[in-house]
Amino acid sequence: MATLYINETKKKGRISPEIYGHFSEHLGRCIYEGLYVKEDSGIPNKNGMRTDVVEALKELQIPVLRWPGGCFADEYHWKDGIGPREARKKMINTHWGGVVEDNSFGTHEFMELCEQLGCKAYVNGNVGSGSVREMSEWVEYMTFDGVSPMADLRRKNGREKPWKVDFFGVGNEPWGCGGNMTPEYYGNLFRRYQTYIRHYDNAAPIQKICCGANADDVYWTKKLLETCFSAPHPQGGHGYMNGMSLHYYVVPGGWDKKGSAAEFTQEDWYKTLSKALFMDELIRMHGDVMDQYDPKKEIGLMVDEWGDWFDVEPGTNPGFLYQQNTMRDALVAAVTLNIFNRHCDRVKMACIAQTVNVLQSVILTEGEKMLLTPTYHVFHMYKHHQGADLLDSTLTGAGMAGPEAYEVPALQESVSEEADGTVCVTLANLSVADSYPVEVAFMRKQPREVEATVLTGEMCAKNTFEEPDTVKEERLDGVTVTERGLAFAIPACSVVSLRIR
Ligand code: AHR
């Protein structure tokens, strides 16, 4: 018997809704076909945005969307993506498949998408191959309400009022595809570029995101902060930055032989999950360095790229990074989101890579068909954590699962309290083979009502265009009220969500 102790009297901080964010890059079929099909498409759309995909994402209450990259961001020149579409410059997407990018999806289209989704906009600027002027003018174009060359150009292109840009990323992966820089060099560039990201609307200052480390590169974090940390700023954050990013992908077989997304062994299952759990260690490691500079935790750690990265589906363009999604991805999403919730004092945003048709996507499309992946269902089950207060919780009694080399805790949870007092528990069972009886024990709360759902299946279970509902969220039966709380059984290889009133 596993026991989940919940101390509902001990709140540990607010879970930033932006932890449930997404990333959309000009990569493969993410933007084109996935999110955007143009107005004259036979696929139902509103102003070019696929209606089915927008509706499904709205159901997740997607809080923030990052765009246009990724590596693409450091070769993106925003002026190529405005004005009459037929006159927009075409370019080669050198990073992703060498295909022609016709720039038909640009700033206006991205902002339209965010408006339809009702989410915050996270625009990622170009440091690698772009100038300070280019970045500064982009911000002026998007956010200035007065008379200026860029604001006038925006109006000429059909948008009278400025948009709200919530987050602005100053480059992407400068340690790699974004320019192969040292942390000191990038740190100085960051100081310079961010100076010209003006807050045209003082009531809604843009949050500036500095590019943090790749995975466990703590040296980067340390040198970067040494170079560009500054004293607190009256508008929040630390003058130069409001957030520092972290990128971490779970690549079970290593970069040369990542492994199949849909066909794998039990050993692969545990290896993947043990690598996913490393996120906890990463947040601690980078968090410890950040604490030395920013003990009040005013700078957010923004994990703006995370997810599983496997081999592409056989027969697809290797540069498009299109992969299937199984119960293994669902468990990776579940444990990672639990980790983010539990570190909500430091992690203020996270964006899964990438929304549609790429790495760990929540949606896959094929022509007019669309399916929701197991990862989608996890985001749906977890959405009530957005903006809730993290509660103190401890799990005992389930032990470990998996072979010695890749041993993982069998169960892992996070617990929060919504504004109306509803307690939201999300619990992952990482064991492929074993189900567990679980008791939820509160300090004082006496449950009156519970909504319980479960996502479960064989470890390789997935949704296909022929059978789109093989893996789906279902009601969890057999939940009973006990003296201390609740009791139920969690199936092997599953994710459970409980909303307790
Ligand atoms: O998500 C795919 C790529 O992974 C992104 O473009 C890049 O930032 C990262 O290396």
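Predicted model only: the values in this text are computed from it and were never measured.
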Between Tyr436 and Asn429, does a side-chain contact (heavy atoms from CB on, under 4.5 Å) hold up when you go through it step by step?
CA-CA 8 Å; Tyr436 297 89; Asn429 185 351; 3.5 Å; yes
Kindly indicate, with the supporting measurements, whether the criterion ring pair (Phe, Tyr, Trp, His ring centres under 6.0 Å) is fulfilled by Phe340 and Trp306.
CA-CA 11 Å; Phe340 292 154; Trp306 68 271; 5.6 Å; yes
Where do Arg499 and Glu418 land on the salt bridge (charged side-chain N to carboxylate O under 4.0 Å, His left out) test, with the steps shown first?
CA-CA 10 Å; Arg499 294 185 68 221; Glu418 298 167 43; 2.7 Å; yes
Going through the checks in order, is the side-chain contact (heavy atoms from CB on, under 4.5 Å) test met by Asp308 and Lys275?
CA-CA 10 Å; Asp308 285 329; Lys275 289 194 171 193; over 6 Å; no
Start with the C-alpha distance between Val218 and His286, add both sets of side-chain angles, then the distance that settles side-chain contact (heavy atoms from CB on, under 4.5 Å), and finish with yes or no.
CA-CA 6 Å; Val218 177; His286 294 290; 4.0 Å; yes
Audit row: Val423, Leu391, side-chain contact (heavy atoms from CB on, under 4.5 Å) steps and yes/no:
CA-CA 9 Å; Val423 171; Leu391 293 184; 4.2 Å; yes
Dump the intermediate steps for salt bridge (charged side-chain N to carboxylate O under 4.0 Å, His left out) on Asp389 and Arg14, then the final yes or no.
CA-CA 4 Å; Asp389 288 315; Arg14 179 174 181 266; over 6 Å; no
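Shown are Val479, Val438, Leu4; of these, the side chain to side chain contact (heavy atoms under 4.5 Å, CB included) with Leu486 is made only by Val479. Shown are Gln354, His22, Glu305; of these, the side chain to side chain donor-acceptor pair (under 3.5 Å) with Arg66 is made only by Glu305. Met241 pairs in a side chain to side chain contact (heavy atoms under 4.5 Å, CB included) with only one of the listed residues (Leu225, Val170, Ile209), which is Leu225. A side chain to side chain donor-acceptor pair (under 3.5 Å) with Thr426 holds for exactly one of Gln412, His385, His384; it is His385.
Taking the six-membered ring for Trp and thresholds of 30 and 60 degrees, Phe110 and Trp67 have nearly parallel ring planes, at less than 30 degrees apart. Between His108 and Trp163, the two ring planes are perpendicular [angle over 60°; tilted spans 30° to 60°].
Gln360 and Thr375 form a side-chain donor-acceptor contact under 3.5 Å, judged by distance and modelled atom types alone. Side-chain contact, Tyr376 with Asp329: no donor N or O sits under 3.5 Å from an acceptor N or O. With 3.5 Å as the limit, one finds no donor-acceptor pair spanning the side chains of Glu267 and Thr265. Between the side chains of Arg328 and Thr272, at least one donor N or O sits under 3.5 Å from an acceptor N or O. With no hydrogens or angles considered, no side-chain donor-acceptor pair links Asp166 and Tyr122 at under 3.5 Å. A donor-acceptor contact under 3.5 angstrom links the side chains of His380 and Glu473, judged on distance only.
In this structure a side-chain-to-backbone donor-acceptor pair under 3.5 Å is missing from Ser393 to Tyr5. Side-chain atoms of Glu313 come within 3.5 Å of backbone atoms of Gln324 as a donor-acceptor pair (strictly under, hydrogens ignored).
No side-chain heavy atom of Arg448 sits under 4.5 Å from any side-chain heavy atom of Ile500. You'll find the side chain of Ile363 reaches within 4.5 Å of the side chain of Met370, heavy atoms only. Within the 4.5 Å cutoff, no side-chain heavy atoms of Asp201 are placed close to those of Thr143.
Cys pair Cys71 and Cys177 passes the test of SG atoms under 2.5 Å apart.
A distance of 11.5 Å separates CZ of Arg29 from CG of Leu35, quoted to the nearest 0.5 Å.
For the pair Arg284 and Asp280, the salt-bridge criterion is met [side-chain N within less than 4.0 Å of a carboxylate O]. Here Glu451 does not pair with Arg475 in a salt bridge; the nearest charged N to carboxylate O distance is not below 4.0 Å. Between Lys297 and Asp291 there is a salt bridge, since at least one side-chain N of the basic residue sits less than 4.0 Å from a carboxylate O of the acidic one.
The two residues Trp220 and Cys211 make their nearest non-hydrogen contact at NE1-O, 3.1 Å.
Proximity of the aromatic rings of Phe72 and His95 is defined here by a centroid distance below 6.0 angstrom, and this criterion is not met.
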